[in-house]
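Counting from 1, the numbers follow the sequence of the chain as shown.
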Amino acid sequence: MQLWISCLSLPRGSEMKIAFYKGRTRLFNRFVSWWTSGPYSHVEAVFDGFQSLDAPVLCASSSFMDGGVRMKMIELTPAHWDILDIPAIDSTQVCEWFHKHVGCRYDLVGLLSTSCPIKQDRDRFFCNEAIGTASGLRDAWRFNPNSFARICELLGGVWVQGGPNGESHACLASARLAGTH
């Protein structure tokens, strides 16, 4: 419950950051990257303002390893995470959705259905489906972590850490975090 209180303290209309996991140490992550033809295997909504990488930040997603929808503190190290700042998404709205859906089970079949026709289970969520649905994206189950990254770019997202091509946007990230953009 403490995590929910933490994200509620965000001002209404706060910008959303989304972290894309590019780690490949676990078999499931390698499989998802292969299945979806891209570098990303998981997605997290980031709530704590992402002021620095010195400590874990509050994140929310639906995780295969954690069994479903959850909120937890995660250290978003640059070696494993690329991060997009997406002003078009309201972080308070996303936080409220996660609060209502914590405990919903992970949707492995739904993740596979992003690449083949399988009936969608509306009571289960995979990572970016949960974040997309929380953000108001219609039919978020149609996208995988890699296509979701492209959609977030189209929504005006700016890479503040890494990016799909390994680009570093350190100057832009520093300006955005300092509020000088």
Side-chain angles (χ1 to χ4, degrees), residues 1-8 10 12-23 26 28-29 31-33 35-36 38-50 56-76 80-116 118-155 157 164:
M1 194 54 110
Q2 183 68 21
L3 296 177
W4 161 243
I5 293 168
S6 172
C7 74
L8 261 189
L10 295 168
R12 172 87 38 207
S14 294
E15 292 181 8
M16 186 83 245
K17 289 180 180 53
I18 298 181
F20 294 84
Y21 185 69
K22 57 187 176 184
R26 292 190 177 97
F28 183 74
N29 297 113
F31 170 76
V32 172
S33 290
W35 182 260
T36 62
Y40 305 121
S41 60
H42 182 65
V43 182
E44 291 281 341
V46 181
F47 293 109
D48 280 350
F50 186 68
V57 295
L58 178 60
C59 294
S61 189
S62 184
S63 166
F64 176 76
M65 292 178 16
D66 294 332
V69 177
R70 52 91 181 115
M71 299 176 85
K72 73 186 229 181
M73 302 299 287
I74 299 176
E75 189 170 342
L76 301 172
H80 297 290
W81 294 94
D82 291 342
I83 301 173
L84 263 173
D85 182 5
I86 309 166
I89 298 177
D90 180 344
S91 64
T92 305
Q93 173 187 326
V94 173
C95 181
E96 289 170 355
W97 185 93
F98 274 97
H99 174 67
K100 291 175 187 169
H101 292 86
V102 164
C104 288
R105 298 194 55 201
Y106 187 80
D107 190 5
L108 180 59
V109 173
L111 174 63
L112 298 175
S113 75
T114 64
S115 299
C116 60
I118 299 174
K119 186 165 173 60
Q120 172 63 18
D121 184 340
R122 300 210 183 268
D123 295 324
R124 294 179 179 223
F125 300 90
F126 54 95
C127 59
N128 60 275
E129 176 188 17
I131 296 167
T133 301
S135 302
L137 179 64
R138 197 166 144 235
D139 295 332
W141 59 270
R142 295 183 183 275
F143 308 103
N144 63 55
N146 293 287
S147 58
F148 188 63
R150 300 297 78 76
I151 289 168
C152 291
E153 288 176 329
L154 291 172
L155 288 172

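Between the CG atom in Asn128 and the CZ atom in Arg142 there is a gap of 14.0 Å [rounded to 0.5 Å]. To the nearest 0.5 angstrom, Cys152 atom SG is 4.0 Å from Ile18 atom CD1. Rounding to the nearest 0.5 Å gives a distance of 6.5 Å between CZ of Phe126 and CG of Asp107.
Although no hydrogens or angles enter the test, the distance criterion places no donor-acceptor pair under 3.5 Å between the side chain of Ser62 and the main chain of Ala130. Remark: side-chain polar atoms of Ser61 are paired, donor with acceptor, to backbone N or O of Val43 under 3.5 angstrom. Using modelled atom types, one side-chain atom of Asn146 and one backbone atom of Tyr40 make a donor-acceptor pair closer than 3.5 Å.
Side-chain contact between Thr36 and Ser147: absent, with no pair of heavy atoms (C-beta onward) separated by less than 4.5 Å. Contact annotation: the side chain of Pro145 approaches that of Cys127 to within less than 4.5 Å [non-hydrogen atoms, C-beta and beyond]. Using a 4.5 Å heavy-atom threshold, the side chains of Leu76 and Cys59 count as touching. Counting only heavy atoms from C-beta outward, the side chains of Asp123 and Arg105 never approach each other to under 4.5 Å. Between Lys22 and Asp82 the shortest side-chain heavy-atom distance falls below 4.5 Å. Side-chain atoms of Phe20 and His42, non-hydrogen and from C-beta on, never get closer than 4.5 Å to each other. Phe143 is not listed as a side-chain neighbour of Glu129, based on a closest heavy-atom distance of 4.5 Å or more.
Closest of all the heavy-atom pairs between Tyr106 and Phe28 is OH-CZ, 3.7 Å. Minimum interatomic distance between Ala60 and Met71 (heavy atoms only, all atoms of both residues): CB-CG, 3.8 Å. Considering all non-hydrogen atoms of both residues, Ser63 and Arg70 come closest at CB-NH2, 3.6 Å. The two residues Val94 and Ala45 come nearest to each other via the heavy atoms CG1-CB, 4.2 Å.
Under 4.0 Å is where a charged nitrogen must lie from a carboxylate oxygen, and between Glu44 and Lys17 no such pair does.
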Legend entry - Ile131 and Phe98: CA distance, side-chain angles, deciding distance, side chain to side chain contact (heavy atoms under 4.5 Å, CB included) verdict: CA-CA 8 Å; Ile131 296 167; Phe98 274 97; 3.8 Å; yes
Inset, instruction - Please report the C-alpha distance between Phe148 and Leu137 in whole Å, then the side-chain angles of each, then the deciding distance to 0.1 Å, and finally whether the side chain to side chain contact (heavy atoms under 4.5 Å, CB included) criterion is met. - result: CA-CA 10 Å; Phe148 188 63; Leu137 179 64; 3.9 Å; yes
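Ring orientation note: the planes of Tyr21 and His80 are close to parallel, at an angle under 30° on the 30°/60° scale.
Residue Arg26 places its CZ atom among 12 or fewer non-hydrogen atoms of other residues, nucleotides or ligands, all under 6.0 Å distant.
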